[in-house]
S.K.: 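Handing you a structure now.
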2 protein chains.
Amino acid sequence: MTTGRAYHHGDLRRTVLTAALDVITTEGPAALSLRDLARRAGVSHAAPAHHFGDRAGLLTAIATEGYGLLAAALGETGDLRDLGVRYVRFATSHPAHFQTMFRPELLRPDAPELLAARERTRSRLRTAVEGYGEDPAIGFMAAWSLAHGFATLLLSRNLDDPLDGRDPEEAFRALTGEMFRATGSPPRRTGR
Amino acid sequence: MTTGRAYHHGDLRRTVLTAALDVITTEGPAALSLRDLARRAGVSHAAPAHHFGDRAGLLTAIATEGYGLLAAALGETGDLRDLGVRYVRFATSHPAHFQTMFRPELLRPDAPELLAARERTRSRLRTAVEGYGEDPAIGFMAAWSLAHGFATLLLSRNLDDPLDGRDPEEAFRALTGEMFRATGSPPRRTGR
DNA sequence: AGGCAATCTAGTCACTGTCAAGATGCTGGG
DNA sequence: CCCAGCATCTTGACAGTGACTAGATTGCCT
């Protein structure tokens, strides 16, 4: 019944994933209901569990995918400021992934695919920041904190007033301009 | 039964609140169960609802209290860097409040006490940052993003590696030192 | 053609939030 | 002093949820 073919939905895994992203985008990861996702996909209430195990498994899959997408979104820029802008852009264009990635209490903490994807993305960030300040670890934390804080406040609708209609990416660019103005090595511009 | 006096627990509201803070600290706001809190307080399953209405009401109360505590924790410093350190210190010493404050999807979005407390704290931040950069709104977002990002990454256990045993507050101080080094007006030191 | 594993269904259980109706104890006005 | 009213708490019920089990269906591989 439901969609046509009774058994073997075809691509249930992907269908559930995108439905989940929809829900998370509008109502947050806490509002996720496996049964609701099953209804949306037109399958029985226990079907999603077969693909993801349980709720934490589904969210872990989303987070893992998110780290992959983030790594791709960051690209190969050598410009630190561009890197930050891309980080912010990823958060606004993939809010569900972004939110889920930073809610460890909802994930399987030791899922190997997740750990691998996260480490790959993190080392990408780390090497990109290298050579900008004196202490690489401090510089890494500084750059990440700035971009992450901006993205987080943006998604939680805490920057609406100060932005006042401005484009978030442009605001972030201005913001980094003000802060990084005279650090050790100025960012070399790459063609974006 | 349970604790001695049958009816009229005495301070159920506060008891439930602190139990909730306990749970949120270790397992996050999503793991909160009103029935579990009732059990911990030795009270019937529907008793908490009388004080908070529903789950969102409880979390809204926590967030409201959090904004008050944050305003108090920020104090009256004129030193921008100290202000950031205090922001980070608040996040680490009141993790449950901090996390709840920035999860709007779990809160009553238009609770007047919440809006008032938030606006009071936010304007405190805004005026503190005023006069540091060129564009006040940009400076406000920059300072807040940096402190908030650091605090958020810290609480989600994303900075464990780069910190490598260092004291978070000291790391944040070093971090701001590197970033703000040559902005418009250097922070004037106040006796802390 | 036949079996096998992947996929999905159906049924169940304990748990949760929320609501309604009733019980209990405090408090202040006569 | 007492009793009416009110805040507080209990009890019971209902729908929705995640998770588990056993069984049905289907595509694939040899």
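Quantities reported herein were computed from a predicted structural model and do not represent experimental measurements. Within every chain, numbering begins at 1; the chains are lettered A, B, ... in the order of the sequence lines, protein sequences first and strands thereafter.
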S.K.: Taking the six-membered ring for Trp, is the centroid-to-centroid distance between A/His94 and A/Phe90 below 6.0 Å?
M.R.: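 Under 6.0 Å, so yes.
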S.K.: Under the rule for side chain to side chain donor-acceptor pair (under 3.5 Å), what residues qualify as partners of B/Asp135, not counting sequence neighbours?
M.R.: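 With sequence neighbours excluded, B/Asp135 shows a side chain to side chain donor-acceptor pair (under 3.5 Å) to A/Arg166, given in chain and number order.
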S.K.: Rounding to an integer number of Å, can you tell me how far A/Asp11 CG sits from D/dT26 C1'?
M.R.: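 The distance from CG of A/Asp11 to C1' of D/dT26 comes to 17 Å, rounded to the nearest Å.
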S.K.: Test: side chain to side chain donor-acceptor pair (under 3.5 Å). Region: residues 12-23 of chain A. Which pairs qualify, not counting sequence neighbours?
M.R.: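 Residue pairs with at least one partner in residues 12-23 of chain A: A/Arg14-A/Glu65.
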S.K.: Does A/Ser33 put a side-chain nitrogen or oxygen below 4.0 Å from OP1 or OP2 of D/dG18?
M.R.: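 Answer yes for this pair, as a side-chain N or O of A/Ser33 is under 4.0 Å from OP1 or OP2.
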S.K.: Sequence neighbours excluded, which residues qualify as side chain to side chain contact (heavy atoms under 4.5 Å, CB included) partners of B/His50?
M.R.: none
S.K.: Who passes side chain to side chain donor-acceptor pair (under 3.5 Å) against A/Arg103, sequence neighbours left out?
M.R.: none
S.K.: Does this structure show an ion pair linking B/Asp36 with B/Arg40, if we count only N-O contacts that are shorter than 4.0 Å?
M.R.: yes
S.K.: How many Å lie between CZ on A/Arg40 and P on D/dG16, as a whole number?
M.R.: 15 Å
S.K.: Counting Watson-Crick and G-U wobble pairs with both distances under 3.5 Å, what is the dot-bracket string for DNA chain C, 5' to 3', using [ ] for crossing pairs and | for pairs to another strand?
M.R.: ||||||||||||||||||||||||||||||
S.K.: For the pair made of CG in A/Leu37 and P in D/dG16, what is the distance, rounded to whole Å?
M.R.: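 Roughly 16 Å, once rounded to whole Å.
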S.K.: Could you list the donor-acceptor pairs under 3.5 angstrom formed by side chains in residues 137-149 of chain B, with sequence neighbours left out?
M.R.:
unit_1: B/Trp144; atom_1: NE1; unit_2: B/Tyr87; atom_2: OH; d: 2.9
unit_1: B/Ser145; atom_1: OG; unit_2: B/Met141; atom_2: O; d: 2.7
unit_1: B/His148; atom_1: ND1; unit_2: B/Tyr87; atom_2: OH; d: 2.9
unit_1: B/His148; atom_1: NE2; unit_2: B/Thr152; atom_2: OG1; d: 3.4

S.K.: With hydrogens left out and only the distance checked, is there a donor-acceptor pair under 3.5 Å joining A/Arg13's side chain and the base of C/dT7?
M.R.: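 For A/Arg13, whose side chain was compared with the base of C/dT7, there is no donor-acceptor pair (under 3.5 Å).
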S.K.: Please list residues of residues 44-62 of chain A whose heavy atoms come under 4.0 Å from any atom in DNA chain C, ordered by number; otherwise none.
M.R.: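 Correct list: A/Ser44, A/His45, A/Ala46, A/Ala47, A/His50, A/His51.
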S.K.: With A/Asp160, which residues qualify under side chain to side chain donor-acceptor pair (under 3.5 Å), at least two apart?
M.R.: A/Arg157
S.K.: Which residues pass the side chain to side chain donor-acceptor pair (under 3.5 Å) test with A/Thr127, not counting sequence neighbours?
M.R.: none
S.K.: Going by side chain to side chain contact (heavy atoms under 4.5 Å, CB included), name the residues that satisfy it together with B/Ala111, two or more places apart in sequence or in a different chain.
M.R.: B/Thr60, B/Arg108, B/Glu113, B/Leu114
S.K.: Which residues, if any, of residues 15-32 of chain A bring a heavy atom under 4.0 Å of DNA chain C?
M.R.: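 Close to the strand, none.
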S.K.: Rounded to whole Å, how long is the line connecting atom CZ of B/Arg39 with atom P of C/dA14?
M.R.: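 Nearest whole value for this atom pair: 14 Å.
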S.K.: Taking for each residue the nucleotide of DNA chain C bearing the nearest heavy atom, is the 5' side occupied by A/Arg35 or by B/Asp36?
M.R.: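 Looking at the nearest nucleotide for each, A/Arg35 comes out on the 5' side.
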S.K.: With sequence neighbours excluded, what pairs up with A/Ser123 under the side chain to side chain contact (heavy atoms under 4.5 Å, CB included) test?
M.R.: A/Glu119, A/Arg126
